[in-house]
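Data block below; observations after.
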Protein chains: 2
Amino acid sequence: MAEYDALKLDHQLCFPLYAASREIIKLYHGPLTKIGLTYTQYITMMVLWEEKKINVKSLGKRLFLDSGTLTPVLKTLEKEGYISRIRSSEDERVLMVEITREGEKLKEKAAEIPKEIGSCISLKEQDAKELYRILYTILENRNSQ
Amino acid sequence: MAEYDALKLDHQLCFPLYAASREIIKLYHGPLTKIGLTYTQYITMMVLWEEKKINVKSLGKRLFLDSGTLTPVLKTLEKEGYISRIRSSEDERVLMVEITREGEKLKEKAAEIPKEIGSCISLKEQDAKELYRILYTILENRNSQ
DNA sequence: TATAATTAAATTGTATCCAATGTAATTTAG
DNA sequence: CTAAATTACATTGGATACAATTTAATTATA
């Protein structure tokens with residue numbers, strides 16, 4: 001009478017999600033160390049390479065991270081010279097984060113990373129697309145709640 | 001001439017994986033706090049509810065975690081009385097982790113958690129299956145390298 | 001308009017993660 | 001047999017994550 005046991009690692013969706021996420025992020029360690037970034041700093045810079053200027057709240061919504069995580073990351077990136085942090089004059093509560101010339105230059109160094117990593121993840125084109133689609137349905141659901 | 005930019009958050013598979021993973025794990029915080037576990041402790045206990053006894057290396061392979069992460073987690077679980085840690089007599093390097101009576105009892109308290117969480121993740125049955133399958137192809141690929 | 005409620009960041013405290021290194025036990029080679 | 005290599009786990013140090021709280025600014029309301 002082998003009944004179904006929901007408390008098995010293999011029966012949980014959260015676990016492969018958690019494990020695969022960390023495994024993939026580990027792949028970034030080498031390439032990112034070469035350009036002196038951590039993964040969190042990297043995704044933060046990706047938003048800034050795209051937006052140029054953004055406040056902490058919007059950045060947090062984009063990255064699914066709160067100020068508890070972002071504040072120290074942003075302070076480090078500022079110290080490295082890649083961004084500047086300036087309070088908004090219209091609303092002193094708001095902190096604007098803006099990319100610097102140095103930050104822009106860093107993008108060139110990072111240019112090869114996506115390709116480099118992509119070749120390490122052996123997923124069929126169709127599976128990669130499916131994965132991407134399903135993950136975003138989860139995220140959209142979350143961000144709207 | 002808007003050329004494709006691989007360095008966009010939306011063009012990376014790693015990011016939704018990382019974000020979705022954390023979002024899902026956050027769902028566990030409430031239910032797990034009620035029974036006094038963290039997420040890492042929870043997945044560790046899941047392996048032990050299944051295996052009863054396992055060494056640190058095998059546990060780490062199962063969870064994709066190394067001793068740097070597991071050692072402190074296991075010490076905490078031992079202090080709570082849910083597991084015991086005993087060196088193997090055949091090979092003194094090996095540490096065996098075994099579930100206790102208290103640890104077994106904890107499983108009853110955790111029994112409702114999977115259902116509770118499942119209802120929070122609004123994924124179609126088919127998508128959940130696909131996600132599961134694709135994540136495991138990534139993990140199997142990793143664990144064999 | 002005062003006061004209450006809300007909001008945006010920062011801070012605090014706890015628990016990971018993980019790379020790198022250390023240590024002790026065991027195996028392997030010469 | 002014995003030095004070298006390997007293995008399993010522990011330790012260390014740095015960087016997150018995140019819940020909870022605090023602080024300061026702004027907005028809403030009585």
Side-chain angles (χ1 to χ4, degrees), chain A residues 15 18-34 36-45 54-80 83 85-97 142, chain B residues 14-15 18-34 36-45 54-80 85-97 142:
Chain A
F15 175 69
Y18 159 82
S21 163
R22 289 182 299 106
E23 286 301 304
I24 299 298
I25 287 172
K26 265 189 234 175
L27 296 176
Y28 285 80
H29 182 77
L32 285 177
T33 298
K34 277 186 212 157
L37 289 182
T38 64
Y39 183 75
T40 316
Q41 290 166 359
Y42 173 62
I43 59 175
T44 301
M45 289 307 297
I54 191 170
N55 65 54
V56 173
K57 168 140 175 108
S58 308
L59 179 62
K61 189 146 191 173
R62 205 66 193 282
L63 298 176
F64 293 81
L65 289 170
D66 66 10
S67 67
T69 304
L70 284 177
T71 297
V73 169
L74 294 172
K75 283 182 176 174
T76 303
L77 288 172
E78 183 180 47
K79 200 157 37 179
E80 303 284 339
I83 64 168
R85 294 161 69 245
I86 299 157
R87 286 271 150 206
S88 161
S89 51
E90 295 133 58
D91 187 337
E92 287 284 342
R93 291 170 305 179
V94 174
L95 185 76
M96 299 302 302
V97 181
R142 286 282 100 210
Chain B
C14 67
F15 175 70
Y18 159 80
S21 163
R22 288 182 301 107
E23 288 300 305
I24 299 298
I25 288 172
K26 267 189 231 173
L27 296 176
Y28 285 79
H29 181 77
L32 285 177
T33 298
K34 278 186 211 158
L37 289 182
T38 64
Y39 183 74
T40 316
Q41 291 166 359
Y42 173 62
I43 58 175
T44 302
M45 289 308 296
I54 191 171
N55 65 54
V56 173
K57 169 141 174 108
S58 309
L59 180 61
K61 189 145 191 174
R62 207 64 195 281
L63 298 176
F64 293 81
L65 290 170
D66 67 8
S67 68
T69 302
L70 284 177
T71 297
V73 169
L74 294 173
K75 283 183 176 173
T76 303
L77 287 173
E78 183 179 46
K79 200 157 37 180
E80 303 283 340
R85 294 161 71 244
I86 300 156
R87 285 271 149 205
S88 161
S89 51
E90 294 133 60
D91 187 337
E92 287 284 342
R93 291 171 304 180
V94 173
L95 185 76
M96 298 304 300
V97 181
R142 287 283 100 209

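Below, read A as the first sequence line, B as the second, and so on, with proteins coming before strands; counting in each chain starts at 1.
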To the nearest angstrom, how far is B/I24 atom CD1 from D/dA17 atom C1'? 16 Å
B/L95, nearest nucleotide to its side chain (from C/dA9, D/dA17, D/dA10): D/dA10
Starting from P on D/dC18, measure out to CG on B/L32 and report it in whole angstrom. 14 Å
On the 0 to 90° scale, with breaks at 30° and 60°, tag the A/Y28-A/Y39 ring pair as parallel, tilted or perpendicular. perpendicular
Kindly say whether A/I83 contributes a backbone atom to a donor-acceptor pair with the side chain of A/E78 at under 3.5 angstrom? no
Looking at B/S67 and B/L70, would you say the former's side chain and the latter's main chain have a donor-acceptor pair under 3.5 Å? no
Nearest heavy atom decides the nucleotide; on that basis, is A/L74 or B/Q41 closer to the 5' end of DNA chain C? A/L74
For A/H29 and B/V73, take the nucleotide of DNA chain C holding the closest heavy atom to each; which residue's nucleotide lies nearer the 5' end? B/V73
Given that A/I25 and A/D91 both sit by DNA chain D, which one's nearest nucleotide is further toward the 5' end? A/I25
Return no unless some side-chain N or O of B/T71 is found under 4.0 Å from OP1 or OP2 of D/dA10. yes
Quick check with a 6.0 Å cut-off and a 45 degree axis cone: is B/R22 positioned over the face of B/Y18's six-membered ring? yes
Assign each of A/P72 and B/S58 the nucleotide of DNA chain D bearing its closest heavy atom; nearer the 5' end lies the nucleotide of B/S58
Hey, are B/N55 and B/S58 close enough side-chain-wise for a donor-acceptor pair under 3.5 Å? yes
Whole-Å distance, B/Y28 OH to D/dC18 C1', equals 18 Å
Would you please confirm or rule out a distance under 4.0 Å between OP1 or OP2 of D/dT26 and any side-chain N or O of A/R87? no
Nearest-neighbour nucleotide for the B/L65 side chain, C/dC17, C/dA9, C/dA19 considered: C/dC17
Whole-Å distance between D/dA10 C1' and B/K57 NZ? 15 Å
Examine C/dC17: is either OP1 or OP2 under 4.0 Å from a nitrogen or oxygen in the side chain of B/T69? Give yes or no. no
Starting at CG of B/N55 and ending at P of D/dA10, how long is that distance when rounded to a whole Å? 11 Å
Would you check if the side chain of A/R85 reaches a backbone N or O of A/M96 as a donor-acceptor pair within less than 3.5 Å? no
If you only use heavy atoms from C-beta on, which nucleotide in C/dA25, C/dA19, C/dT11 is closest to the side chain of A/S67? C/dT11
Does OP1 or OP2 of D/dT16 have a side-chain N or O of A/R22 closer than 4.0 Å? no
Between CE of B/M96 and C1' of D/dA10 the distance, given in whole Å, is 18 Å
Select base, sugar-phosphate, or nothing to describe what B/E90 touches, counting heavy atoms under 4.0 Å on all strands. sugar-phosphate
For a quick check of understanding: with a heavy-atom distance under 4.0 Å over all strands, which category does B/T40 fall into, base, sugar-phosphate or nothing? sugar-phosphate
In whole angstrom, what separates B/E78's CD from D/dC9's P? 14 Å
Taking atom P of C/dC18 as reference, at what distance in whole Å does atom CZ of B/F64 sit? 11 Å
Considering just the side-chain nitrogens and oxygens of A/Y39, establish if one lies under 4.0 Å of OP1 or OP2 belonging to C/dC17. no
Under 4.0 Å from OP1 or OP2 of C/dG22: is there any side-chain N or O of B/R93 that close? no
Distance test, side-chain N/O of B/T38 to OP1/OP2 of C/dT16, below 4.0 Å: yes
Does B/K75 reach a base, just sugar-phosphate, or nothing at all? Heavy atoms under 4.0 Å. sugar-phosphate
